[in-house]
**Q** 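A single structure is presented below for examination.
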Number of protein chains: 2
Amino acid sequence: MTRSADRRGPYICGIDAAMDVVTGKWKSLILWELDQHGTRRFGVLKRGLPGISEKMLIQQLREMEEDGLVDREVFREVPPRVEYSLTAQGKSLNAALRPLGAWGKERIKRIKARMVTVDSAE
Amino acid sequence: MTRSADRRGPYICGIDAAMDVVTGKWKSLILWELDQHGTRRFGVLKRGLPGISEKMLIQQLREMEEDGLVDREVFREVPPRVEYSLTAQGKSLNAALRPLGAWGKERIKRIKARMVTVDSAE
DNA sequence: CAGAATCCTTAACGATACTG
DNA sequence: CAGTATCGTTAAGGATTCTG
């Protein structure tokens with residue numbers, strides 16, 4: 001739908017394949033949210049991601065569902081309720097992202113440290 | 001230059017910060033190439049990344065240099081020679097990407113397995 | 001509530017030609 | 001050899017409006 005002709009390979013390596021699934025401004029955050037809370041319905045998920053539009057949230061969720069990362073359960077009630085949760089693959093992907101997250105935290109520290117240096121220099 | 005107003009934060013979490021530095025169609029591959037071979041000059045690096053244009057290679061290398069991932073050493077000779085290598089940060093980022101790469105390899109396996117199933121079904 | 005549909009802006013990427 | 005410069009395409013992301 002949105003992705004470049006539904007990319008999905010051919011991949012030249014594992015990182016390429018993983019990136020294909022995880023890039024998109026919000027995917028890693030959705031992964032994180034769902035990993036923390038287990039199951040969330042659409043509206044709650046949206047409130048947990050300040051700044052995201054409904055269009056983007058749906059779009060990313062649909063792609064993640066296609067990619068087997070997310071389960072979508074529809075309750076035919078009025079008003080409608082839809083719940084999202086991680087599949088086993090989604091959970092393992094989130095686990096695989098953890099070292100990268102740790103690296104990123106260190107990077108943030110370095111950036112802040114440098115800002116302090118610059119500040120006191122002027 | 002190319003990046004959204006030089007992004008570089010503010011970041012909402014570590015993954016966000018790491019992704020900012022690693023997204024771009026070629027960056028993780030450049031990281032991998034330099035990690036494997038230690039030091040490469042421009043032309044060799046290019047031949048190691050079939051399909052990349054010179055513009056993209058330079059652009060990505062410059063951003064990675066700005067981000068402290070890559071060292072660039074210029075030898076003032078004729079003809080010119082420039083060598084690229086990973087900094088300590090670049091190396092540790094590459095290490096942090098390894099679990100993601102492993103996850104991606106598993107994903108590729110699953111996709112292939114599914115293709116076989118589909119093939120034999122028709 | 002959870003979305004579908006539409007329109008629009010911008011950023012990523014690519015191809016080509018030229019240069020110290 | 002290792003770049004710049006320029007131009008064009010496509011894809012990602014966002015804002016708004018409408019609906020079962």
Side-chain angles (χ1 to χ4, degrees), chain A residues 1-9 12 16 19-30 33-34 39-67 70-85, chain B residues 1-9 12 16 19-30 33-34 39-67 70-85:
Chain A
M1 302 283 182
T2 302
R3 180 164 7 180
S4 351
D6 262 35
R7 180 89 215 277
R8 236 165 261 268
I12 53 189
D16 187 23
M19 282 295 174
D20 185 34
V21 141
V22 95
T23 50
K25 210 167 167 183
W26 302 97
K27 287 187 181 175
S28 56
L29 269 62
I30 294 173
E33 274 287 304
L34 290 178
T39 292
R40 309 241 90 174
R41 49 190 300 185
F42 186 82
V44 180
L45 203 43
K46 195 193 164 193
R47 281 189 288 281
L49 301 166
I52 196 172
S53 69
E54 292 189 352
K55 174 195 157 186
M56 282 311 293
L57 181 52
I58 292 238
Q59 190 177 283
Q60 308 265 300
L61 281 169
R62 288 287 151 86
E63 287 181 9
M64 293 170 82
E65 195 190 350
E66 269 189 84
D67 289 334
V70 160
D71 261 337
R72 175 170 179 269
E73 193 173 5
V74 181
F75 299 84
R76 293 201 115 289
E77 315 170 348
V78 180
R81 178 162 60 107
V82 179
E83 290 188 345
Y84 293 91
S85 57
Chain B
M1 301 275 189
T2 302
R3 180 164 6 179
S4 351
D6 263 34
R7 181 87 215 276
R8 234 167 263 267
I12 53 191
D16 187 22
M19 283 295 174
D20 184 33
V21 141
V22 97
T23 51
K25 210 169 168 182
W26 302 97
K27 287 188 182 177
S28 55
L29 269 62
I30 293 173
E33 275 287 304
L34 291 178
T39 292
R40 307 241 91 174
R41 48 191 299 185
F42 185 82
V44 179
L45 203 43
K46 195 193 163 191
R47 282 189 289 280
L49 301 166
I52 197 173
S53 70
E54 293 189 352
K55 175 193 156 187
M56 282 311 292
L57 180 51
I58 291 240
Q59 191 178 282
Q60 307 265 299
L61 281 169
R62 289 285 151 86
E63 287 179 10
M64 293 170 81
E65 195 191 350
E66 269 190 82
D67 289 334
V70 161
D71 261 337
R72 175 171 179 268
E73 190 174 5
V74 181
F75 298 83
R76 294 200 116 288
E77 313 169 348
V78 180
R81 179 162 60 107
V82 180
E83 291 189 345
Y84 293 91
S85 57

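Chain letters run A, B, ... following the sequence lines, proteins first, then strands; residues in each count from 1.
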**Q** Identify whether any heavy atom of Y84(B) sits under 4.0 Å from a base atom; if not, whether one sits that close to sugar-phosphate; answer base, sugar-phosphate or nothing.
**A** sugar-phosphate
**Q** Any side-chain N or O of R72(A) under 4.0 Å from OP1/OP2 of dG3(C)?
**A** yes
**Q** For the pair made of CD in E63(B) and C1' in dC13(C), what is the distance, rounded to whole Å?
**A**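 The distance from CD of E63(B) to C1' of dC13(C) comes to 12 Å, rounded to the nearest Å.
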**Q** Classify every nucleotide of nucleotides 14-20 of chain C by which part a protein heavy atom approaches to under 4.0 Å, writing B for the base, S for the sugar-phosphate alone and - for neither, in 5'-to-3' order.
**A** BB----B
**Q** Give a yes/no on whether any side-chain N or O of R81(A) is located under 4.0 angstrom from OP1 or OP2 of dA2(C).
**A**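 R81(A) to dA2(C) OP1/OP2: no side-chain N or O under 4.0 Å.
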**Q** Side chain of R62(B) only, please: which of dA4(C), dA2(D), dT4(D) is the nearest?
**A** dT4(D)
**Q** Determine the contact category for R76(A): base if any of its heavy atoms lies under 4.0 Å from a base atom, sugar-phosphate if only primed atoms, P, OP1 or OP2 are that close, otherwise nothing.
**A**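 Contact class for R76(A): none.
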**Q** Show the nearest heavy-atom pair for residues I30(A) and Q60(A), with the distance to one decimal.
**A** CD1-CB, 3.9 Å
**Q** Rounded to whole Å, how long is the line connecting atom CD1 of I58(A) with atom P of dG13(D)?
**A**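 Interatomic distance, CD1 of I58(A) to P of dG13(D): 16 Å.
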**Q** Kindly write out the residues that satisfy side-chain hydrogen bond (donor to acceptor under 3.5 Å, both in side chains) with E54(B), not counting sequence neighbours, or none if the list is empty.
**A** none
**Q** In whole angstrom, give the distance that lies between atom CG of L49(A) and atom P of dA2(C).
**A**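 The distance from CG of L49(A) to P of dA2(C) comes to 14 Å, rounded to the nearest Å.
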**Q** Among R41(A), R72(A), E33(A), find the one that has a side-chain hydrogen bond (donor to acceptor under 3.5 Å, both in side chains) with Y84(A).
**A**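 Of the listed residues R41(A), R72(A), E33(A), the side-chain hydrogen bond (donor to acceptor under 3.5 Å, both in side chains) partner of Y84(A) is R72(A).
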**Q** Pairs counted as Watson-Crick or G-U wobble with both distances under 3.5 Å: what dot-bracket string results for DNA chain C, using | for bases tied to another strand?
**A** ||||||||||||||||||||
**Q** Given atom CD of Q59(A) and atom C1' of dA2(C), what is their separation to the nearest angstrom?
**A** 16 Å
**Q** Let me know the distance between CD of E65(A) and P of dA2(C), rounded to the nearest Å.
**A** 15 Å
**Q** Between D16(A) and R7(A), is there a side-chain N and carboxylate O pair less than 4.0 Å apart?
**A**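 Counted as a salt bridge, because a side-chain N and a carboxylate O are separated by less than 4.0 Å.
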**Q** Taking side chain as C-beta onward, heavy atoms only, is I52(B) less than 4.5 Å from K25(B)?
**A** no
**Q** Nearest-Å distance, CG (L57(A)) to C1' (dA15(D))?
**A**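 After rounding, the gap between these two atoms is 16 Å.
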**Q** Indicate yes or no: at least one non-hydrogen side-chain atom of D71(B) is less than 4.5 angstrom from one of T39(B).
**A**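 A side-chain contact under 4.5 Å is absent here.
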**Q** Figure out the CD/P separation between Q60(B) and dA12(C), and round it to whole Å.
**A**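 In whole Å, dA12(C) P and Q60(B) CD are 10 Å from each other.
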**Q** Minimum heavy-atom separation for K27(B) and V22(B), please, with both atom names.
**A** CB-O, 3.6 Å
